[in-house]
Amino acid sequence: MTKKELTVWAYLNEIEYCLQDETLNRKRAIELIDIARDIQTEKIKGDFEDCE
């Protein structure tokens with residue numbers, strides 16, 4: 001798994017948590033989706049991409 005994939009995977013996990021019934025934080029989930037999309041399109045670097 002690449003560092004970019006690892007970062008997106010982490011965002012997907014957090015999105016899933018935000019959408020669970022007890023939290024249902026849709027606004028945060030949408031923000032995370034936008035960030036993950038920007039990482040995939042290389043508009044920004046992922047959290048793990050700066051790690052060596």
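Note that the coordinates shown come from a computational prediction; the quantities given were computed from them, not determined experimentally.
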Check the hydrophobic clustering (I, L, V, M, F, W, Y; side-chain heavy atoms under 4.5 Å; chains of links allowed) and say if Ile15 and Tyr17 are grouped together. no
Rounding to 0.5 Å, atoms CD1 (Ile44) and OG1 (Thr7) come to a distance of 9.5 Å
field: Hphob cluster co-occupancy, Ile33 + Val8, side-chain heavy atoms under 4.5 angstrom
entry: yes
Taken in chain and number order and not counting sequence neighbours, the residues that satisfy salt bridge (Lys or Arg N to Asp or Glu O under 4.0 Å) with Glu5 are none
* **Lys4 and Glu42: CA distance, side-chain angles, deciding distance, side-chain contact (heavy atoms from CB on, under 4.5 Å) verdict** => CA-CA 9 Å; Lys4 183 191 298 187; Glu42 299 183 355; 2.8 Å; yes
Contacts of Arg28 meeting salt bridge (Lys or Arg N to Asp or Glu O under 4.0 Å) (sequence neighbours excluded), chain-then-number -> Glu14, Glu31
Interatomic distance, NZ@Lys27 vs CG@Leu32, rounded to 0.5 Å, equals 12.5 Å
All heavy atoms of Ile39 vs all of Gly46, minimum pair found to be CD1-CA, 3.9 Å
Across all chains, not counting sequence neighbours, the salt bridge (Lys or Arg N to Asp or Glu O under 4.0 Å) partners of Asp34 are Arg37
Are Ile30 and Tyr11 connected into the same hydrophobic cluster when the rule is that any two of I, L, V, M, F, W, Y join if their side-chain heavy atoms are below 4.5 Å apart? no
